[in-house]
Every structure is written in C-alpha cells, then in structure tokens.
Amino acid sequence: MEQNKLIFQIEQLRMQLCNLAKEKGISHHSVIELSQELDNYIVQYVRQYGGRNSKAGECLLHNRNA
C-alpha cells in the first residue's frame with residue numbers, strides 16, 4: 001500500500017477507535033477488534049517505512065499519543 005494511503009487508513013481507524021471506545025468502553029469486543037486492526041496497519045507501516053526514522057512515522061506516533 002502506498003505510504004500516504006497507509007497513513008490515511010491508520011488515521012481513519014484511529015479516529016474510529018477513539019469514537020467507538022468512548023461509546024462502548026475500551027474492553028468491548030468491537031473496540032478490541034478495531035484496535036487489533038489498527039495495530040496491524042501500524043506494524044505494516046513500521047515495516048515498510050521505518051516508523052520513527054521518517055517524518056511520517058513521527059507524525060503517526062505524535063497523533064497516536066495525542
């Protein structure tokens with residue numbers, strides 16, 4: 001997957017996860033499943049683009065901690 005598309009997908013899933021967790025609670029099975037899906041995309045990103053070694057990786061890490 002292209003880097004910008006992957007970043008977009010990660011950001012979309014992150015926002016969905018935040019909203020779903022607020023609605024259902026962090027231990028709800030749908031929240032856990034979405035979190036695992038997001039984790040897979042983040043791992044894919046780190047493997048392909050180096051994570052902290054790139055500006056986009058720094059952006060992802062900053063947004064995730066926000």
Side-chain angles (χ1 to χ4, degrees):
M1 185 179 286
E2 182 184 318
Q3 186 175 14
N4 289 337
K5 288 181 183 178
L6 189 53
I7 290 170
F8 180 80
Q9 181 67 28
I10 289 169
E11 185 60 22
Q12 291 298 310
L13 286 172
R14 186 187 69 78
M15 288 187 295
Q16 288 175 16
L17 181 61
C18 288
N19 292 332
L20 191 61
K22 287 177 187 175
E23 178 184 324
K24 302 207 180 245
I26 61 171
S27 61
H28 192 273
H29 68 89
S30 62
V31 174
I32 293 169
E33 287 175 2
L34 188 58
S35 177
Q36 290 170 339
E37 182 180 354
L38 176 57
D39 288 346
N40 288 333
Y41 279 100
I42 293 170
V43 167
Q44 180 182 348
Y45 180 87
V46 170
R47 285 183 178 157
Q48 287 181 326
Y49 302 108
R52 292 179 189 260
N53 296 328
S54 69
K55 288 190 182 270
E58 290 174 16
C59 178
L60 284 172
L61 291 170
H62 174 74
N63 285 338
R64 187 145 168 101
N65 293 327

Colleague: Measure across L38 and I10 and return the closest heavy-atom pair with its distance rounded to 0.1 Å.
Modeller: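 Scanning both residues completely, I find the closest heavy atoms to be CD1-O, 3.5 Å.
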
Colleague: Of all residues at least two apart in sequence or in a different chain, which pass the side-chain contact (heavy atoms from CB on, under 4.5 Å) check with K22?
Modeller: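 Applying side-chain contact (heavy atoms from CB on, under 4.5 Å) to K22 gives none.
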
Colleague: A quick test of your reading: do over 12 heavy atoms of other residues, nucleotides or ligands sit less than 6.0 Å from CD1 of I26?
Modeller: no

Colleague: Roughly how far, to the nearest 0.5 Å, is CD1 of I32 from CG of D39?
Modeller: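 That separation rounds to 11.5 Å.
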
Colleague: Can you measure from OH (Y45) to CG (L6) and round to the nearest 0.5 angstrom?
Modeller: 7.5 Å

Colleague: Enter the distance from R14:CZ to Q12:CD here, rounded to the nearest 0.5 Å.
Modeller: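 The distance works out to 10.0 Å.
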
Colleague: Evaluate Y49 against I7 for side chain to side chain contact (heavy atoms under 4.5 Å, CB included), listing each step before the verdict.
Modeller: CA-CA 11 Å; Y49 302 108; I7 290 170; over 6 Å; no

Colleague: How many angstroms lie between atom CD of E33 and atom CG of L17, to the nearest 0.5 angstrom?
Modeller: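 Rounded to the nearest 0.5 Å, the CD-CG separation comes to 12.0 Å.
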
Colleague: Rounded at 0.5 Å granularity, tell me how far CD in E37 sits from CD in Q9.
Modeller: 7.0 Å

